[in-house]
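Atoms considered below: every heavy atom in the structure, side chains included; atoms not considered: hydrogens, waters and symmetry mates. Numbered from 1 within each chain, the chains take letters A, B, ... in sequence-line order. Keep in mind it's a predicted model, so treat the numbers as computed, not measured.
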There are 2 protein chains.
Amino acid sequence: MEEKVMYIGTVCELTGLSERQIRYYEERKLIFPNRTKGGVRKYSFEDVANLREINRSLKDGFRTFELRSMLDKRSHGGRKL
Amino acid sequence: MEEKVMYIGTVCELTGLSERQIRYYEERKLIFPNRTKGGVRKYSFEDVANLREINRSLKDGFRTFELRSMLDKRSHGGRKL
DNA sequence: CGTGTAAGGAATTCTGACACG
DNA sequence: CGTGTAAGGAATTCTGACACG
């Protein structure tokens, strides 16, 4: 539960990812940024870490739906490994 | 040396201060945000803590120039108390 | 001195779509 | 499927100034 304080441009700098990639991962339910009243996305440092993990997994051959199902298992089973 | 990741609007939310106050404290050399290429200010969580401290001190009757001289002493003497 | 506000411009982000493969 | 891009609009921030006291 970290604080959602960064805009997408900052997240791009920290992760090296494009805005397109970050928004797409959200569309696939892999990350959940907050929104300002105006609709602007806000991310936490935890989101940044997750984004790196997601991108790395995709490079390793995983698909977004696979990553999503892995997230579901984590939140259910309680085991992380 | 924390990372400068927040825009001023976020800092306002976290501190309860107005943009005006935050920019004014910068003008008085009490905080030092970074800038994006476009000129937008970026703050760290440390800046947020400092801003709260600054505002509290002002309410206690201090002037900005007094707070600045206190900052100078800290960075020189090495003592924090 | 420290802060509020209206003013106009500039930087940043948003959505939906077309493209490639 | 995952990502790039051009398009137009909307949200956010910036500076300099006038105001109060």
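Residue R63(A) places none of its side-chain N or O atoms closer than 4.0 Å to OP1 or OP2 of dG2(D). Between R23(A) and dC14(C) there is a side-chain N or O to OP1 or OP2 distance below 4.0 Å. Listed pair Y24(A) / dG2(D) meets the phosphate criterion, a side-chain N or O lying under 4.0 Å from OP1 or OP2. Here R41(B) reaches the OP1 or OP2 of dT15(D): one of its side-chain N or O atoms lies under 4.0 Å away.
A heavy-atom distance below 4.5 Å is not found between the side chains of E3(B) and F45(B).
In the set dT13(D), dC14(C), dT3(C), the nucleotide with an atom closest to the side chain of E19(B) is dT13(D). Picking from dT3(C), dG2(D), dT3(D) the nucleotide with the shortest atom distance to the side chain of N55(A) gives dT3(D).
Screening E2(B), R41(B), K4(B) for a side-chain contact (heavy atoms from CB on, under 4.5 Å) with D47(B), the sole residue that qualifies is K4(B).
One interatomic measurement links the two molecules: CD1 of I22(A) to C1' of dT12(C), which rounds to 14 Å at whole-angstrom precision. Following rounding to the nearest Å, K37(B) (NZ) and dC14(D) (P) show an atom-to-atom distance of 16 Å.
Checked by distance alone, R20(B) brings a side-chain donor or acceptor within 3.5 Å of a matching partner on the base of dT5(C).
For the pair Y7(B) and Y25(B), nearest-nucleotide mapping onto DNA chain C gives the more 5' position to Y25(B).
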